[in-house]
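To start, the structure under review is shown below, and the notes come after it.
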Amino acid sequence: GARGHHIMVFAPAASARDYARADLPPAEIDLGPNVRIRRAFSAPVPSSSQQSRIVVPTGRRWREVAEFRPDIVHTHTFLSLRQEARRRFAR
């Protein structure tokens, strides 16, 4: 974002308890005017960190992504948001 690239981040929504576990204030960090963060409804998933969450794929958020027209789609998840991205952008 600082180099002029426009970035859109989709991530699971976190609860106040999740922020407290991570010792963070319950607010989104400001990454500058070129970075938009979109939080998607999510549900907790059992894990050793007690911080894992999964987003239920709906397909609705990809309208915004299609309008954004990304050059690159990068994902860290193997389910949920990744599945939506794969369906939308696989060629």
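Heavy-atom basis, side chains included; hydrogens, waters and symmetry copies ignored.
- Residue-environment remark: CZ (Arg38) exceeds the threshold of 12 foreign heavy atoms within 6.0 Å.
- Note: Leu24 CG to Ile29 CD1 = 8.5 Å, rounded to the nearest 0.5 Å.
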Do any side-chain atoms of residues 4-14 form donor-acceptor pairs under 3.5 angstrom with protein atoms, and if so which ones, sequence neighbours left out?
none

